[in-house]
*Asks:* 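Before I ask anything, let me first share the structure, which is written out below as structure tokens.
Chain A is the first sequence line, chain B the second, and so forth, proteins listed ahead of strands; every chain is numbered from 1.
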Amino acid sequence: MKLLCEKVYNLVRQIPRGKVMTYGQIAEILGEGYTARTVGYIMKLSPPDVPWHRVINAKGGCSTGKLTIPINLQQKLLEQEGIQFNKKGFCDLSKYKWIPRRLLPDKNSSLPG
DNA sequence: AACTTGACGAGGG
DNA sequence: CCCCTCGCCAAGT
């Protein structure tokens with residue numbers, strides 16, 4: 001269902017540079033019958049217009065499953081945006097996980113220190 | 001229609 | 001922290 005994809009693509013395109021989102025969060029935001037699995041599935045269908053590389057798993061790492069794409073590619077793309085990864089291949093979601101304005105409270109949201 | 005797979009997530013040992 | 005299991009929805013066979 002491409003219409004389902006557009007909801008995901010439309011949201012992923014909102015992700016600013018230097019930030020990332022998780023499959024579960026995207027699914028959580030869209031809600032209407034989406035799950036992390038479904039989002040991930042749709043991500044692999046994402047057109048070049050979609051910054052798919054800004055979508056990672058809840059562990060802050062690039063799963064990319066089975067060498068569907070060159071490993072390091074997603075991680076490198078994110079590093080080029082200023083995101084720092086551990087030697088284990090994980091980034092701090094509490095610092096890089098982006099949240100859509102529409103979900104933010106009236107005031108600026110403060111991250112848990 | 002039923003079974004199996006998949007770029008995921010949360011819980012238990 | 002690492003490994004395994006169950007749940008979720010969609011697509012392919």
*Asks:* Using whole Å, what does the distance between atom P of nucleotide B/dC8 and atom CE of A/Met43 come to?
*Replies:* 11 Å

*Asks:* How many Å lie between CD on A/Glu6 and P on C/dA10, as a whole number?
*Replies:*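 Taking CD of A/Glu6 and P of C/dA10, I get 16 Å after rounding.
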
*Asks:* Write down the distance between CD1 (A/Ile26) and C1' (B/dC8), rounded to a whole number of angstrom.
*Replies:*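 One finds 11 Å between C1' of B/dC8 and CD1 of A/Ile26, rounded.
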
*Asks:* Look at the side chain of A/Asn57 and the backbone N and O of A/Gly60, then say whether any donor-acceptor pair between them is shorter than 3.5 Å.
*Replies:* yes

*Asks:* For A/Leu45 and B/dG6, what is the distance between atoms CG and P respectively, to the nearest whole Å?
*Replies:* 14 Å

*Asks:* Quick one: is C/dA10 close enough that its OP1 or OP2 comes under 4.0 Å of any side-chain N or O from A/Thr38?
*Replies:* no

*Asks:* B/dT5 phosphate, OP1 or OP2: any side-chain N/O from A/Lys44 under 4.0 angstrom?
*Replies:*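 For A/Lys44, the contact criterion (side-chain N or O under 4.0 Å from OP1 or OP2 of B/dT5) is not met.
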
*Asks:* How do A/Tyr34 and A/Lys88 order along DNA chain C: which one's closest nucleotide is nearer the 5' end?
*Replies:* A/Lys88

*Asks:* Would you mind reading off the distance between A/Tyr23 atom OH and C/dG7 atom C1', rounded to a whole angstrom?
*Replies:*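 After rounding, the gap between these two atoms is 19 Å.
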
*Asks:* So, taking the atom named CG in A/Leu11 and the one named CG in A/Leu30, what distance separates them when rounded to the nearest 0.5 Å?
*Replies:* 5.5 Å

*Asks:* Using whole Å, what does the distance between atom P of nucleotide B/dA7 and atom CG of A/Leu73 come to?
*Replies:* 15 Å

*Asks:* Which listed nucleotide (C/dC2, B/dA7, B/dG9) is nearest to the side chain of A/Ala36?
*Replies:* B/dG9

*Asks:* Apply the side-chain contact (heavy atoms from CB on, under 4.5 Å) test between A/Arg54 and each candidate in A/Arg17, A/Lys19, A/Gln74, A/Met21; give the one that qualifies.
*Replies:*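 Of all the options given, the one that passes is A/Arg17.
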
*Asks:* Base, sugar-phosphate, or nothing: which does A/Tyr41 touch, judged by heavy atoms less than 4.0 Å apart?
*Replies:* sugar-phosphate

*Asks:* Between B/dA7, B/dC8, C/dC8, spot the one nearest the side chain of A/Asn57, thanks.
*Replies:* B/dC8

*Asks:* Between the main-chain N or O of A/Ile29 and the side-chain N or O of A/Tyr34, is there a donor-acceptor pair closer than 3.5 Å?
*Replies:* no

*Asks:* Can any side-chain N or O of A/Tyr23 pair as donor or acceptor with the backbone N or O of A/Tyr41 at less than 3.5 Å?
*Replies:*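 A pair under 3.5 Å: no.
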
*Asks:* Roughly how many Å is it from CD1 in A/Ile29 to P in B/dG9, rounded to a whole number?
*Replies:*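 It is 13 Å, rounded to the nearest whole Å.
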
*Asks:* Check the distance between B/dT5's C1' and A/Arg37's CZ and give it to me in whole angstrom.
*Replies:* 8 Å

*Asks:* For the side chain of A/Ser63, starting at C-beta, report the closest nucleotide among B/dA10, B/dA7, C/dC2.
*Replies:* B/dA7

